[in-house]
Amino acid sequence: MKHTKIIDLLSGNLLLQEVTAKGWVRTFRNNQFIALNDGSTLQNIQCVLELDAFPEETIKRVTTGAAIMVQGVLVESQGKGQKYEIQVFNLEILGDSDPEKYPIQPKKHSLEFLRENAHLRIRTNMFGAIMRIRSTLAYAVHKYFQDNGFFYVNTPIITGSDAEGAGEMFQVTSLPIDGSAPRNEDGSINYKEDFFGKPTNLTVSGQLEGETYAMGLGSIYTFGPTFRAENSNTSRHLAEFWMIEPEIAFLDLDGNMDLAEDFIKFVIKYTLEKCEDDLKLLEQRLLDEEKSKPQAERSEMSLIDKLRFVLDNNFKRVSYTEAIDILKNSKPNKNKKFQYLIDEWGADLQSEHERYLVEKHFKCPVILFDYPAKIKAFYMRLNKDEKTVRAMDILFPGIGEIVGGSQREERYDVLVEKMKALNIPEEEMWWYLDTRRFGSCVHSGFGLGFERLVLFVTGMTNIRDVIPFPRYPQNAEF
Ligand code: 4AD
Ligand code: MG
């Protein structure tokens, strides 16, 4: 039986026509009013049963969570709360849902409980809204780049390189891990016998491979899963997350900052236009959540105002050196309120510092640039001062770092020297160095953590709630 999506029924185009709807029962009132949802929109459609028109056996099976089909006439609703409803003449139970056992009852569940039921939480208003927004944002990402002459590149997920030099990688092997793996004479594992003939890991970033493609296609972007085995049990870190990494030939750091800002504004604007209902629901969720917080900790702006604020204001561009001065002289630093006190130039910024700059000092998104070379990856372009590199991080209120990027070191000699100093084996990076040997040029790019973007746009507070099945330390359920 062909059915119409609820979002289309609610447009009213089929008024007074016979329609079929399929979905899951949210609530059933007075043995008469079914609130039916099919995921196509936040809104339910009200399905009205005439009393005694259906066998009691069927009525009993209309329970929260059950999948049903209704056929009826789409009419203007007499009742409050909805514009249209279906006057049902045929009702079929497609899949029962035992009300004694179905975990998602029509009441408020905690986010923790819903995380444990991540396979069912998508049937709640909140998660429907979050995941529709996530999908819209993903579409906007592709739209932005495709409309601006970028090519979508799929970089490998299994790789032999550690792009970020962070060493926090998940190893990939087909060798036994119970100690019986083949050994070299010196006792080390003989990776020649492994599947790829060398040690490999899940990618932490597609950047290095992306760079090689930018050197042929001009402007590229990746949008794929990345993996980090960092033991960060925080509300901002996942072990498996999606990253968007554009890479552009003949672009310097200023152009890179312009691009990142324009891109972020586009995807937020697009989502504001397309997801009004869902955003309103999440705005209300945030208000309710904040009611339980002390006044000082509540946000000054509502969710939608916060999104508009990002669109309407320039991101503040500040050098690392200026930022350190601000932090050194800040109240929490002087009163020793920071967990990590800032006492000298060169200190790595922790999320408490980033959030101070964004939320307390500048009160707007901030782009920090020209970081000390020592705290950044090997591939970033060294400045004339030989102390700093052309790095940039974008910091967002409530999130901290949302983007990390840089102008890349395009000078072969400088790059090789840097790799030597950091013990990065040249033989393994021969292909990367080739881009600097043959037709090297100024180029730049950045990585945006997709879940951090979804976190910001949805106003959720834990990154585990904006990806369908989160992976984090001690958890790989589902
Ligand atoms: O700053 P990162 O480590 O930069 C890179 O990977 C570069 N290769 C990007 C590039 O220049 N092409 O990571 C980029 C972004 C961070 O700003 C953050 O938003 C996100 O990825 N990110 C994470 N998101 C969720 N969970 C984690 N564990 C994350 N680690 C980084
Ligand atoms: Mg970073």
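Start at 1 and go down the list; that is how both ligands and their atoms are numbered.
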[X]: heavy atom below 4.0 Å from ligand 1, yes or no?
{"X": "E247", "answer": "no"}
{"X": "Y221", "answer": "no"}
{"X": "E168", "answer": "no"}
{"X": "E230", "answer": "yes"}

Any salt bridge between D370 and R390, counting N to O under 4.0 Å? yes
Between [X] and ligand 1, does any nitrogen or oxygen pair lie at a separation below 3.5 Å?
{"X": "R228", "answer": "yes"}
{"X": "S406", "answer": "no"}
{"X": "R408", "answer": "yes"}
{"X": "G449", "answer": "yes"}
{"X": "V204", "answer": "no"}
{"X": "G405", "answer": "no"}

So is R452 actually on top of F396's ring, under 6.0 Å and inside 45° of the axis? no
Looking at F127, is R123 sitting on its ring face, NZ or CZ under 6.0 Å from the six-membered ring centre and within 45 degrees of the normal? no
Closest protein heavy atom (residue, atom, distance) for [atom]:
{"atom": "atom 16 (C) of ligand 1", "result": "E401 OE2, 3.3 Å"}
{"atom": "atom 26 (N) of ligand 1", "result": "L238 N, 2.9 Å"}
{"atom": "atom 19 (O) of ligand 1", "result": "I402 O, 2.8 Å"}
{"atom": "atom 7 (C) of ligand 1", "result": "E164 OE2, 3.2 Å"}

N/O/S atom of D393 inside 2.8 Å of the Mg ion (ligand 2), strictly under: no
Who's closest to atom 25 (C) of ligand 1 heavy-atom-wise, of F227, F446, F396, F241? F241
Looking only at N, O or S atoms in E401, which is nearest to the Mg ion (ligand 2)? OE2
Between Y152 and F145, ring centroids under 6.0 Å: no
E245 and ligand 1 - part of the residue with a heavy-atom distance under 4.0 Å: side chain
Would you kindly specify which portion of Y379 sits under 4.0 Å from ligand 1, judged on non-hydrogen atoms: side chain, backbone, both or neither? side chain
Hey, what's the ring geometry for Y270 with Y139, parallel, tilted or perpendicular (30° and 60° as the breaks)? tilted
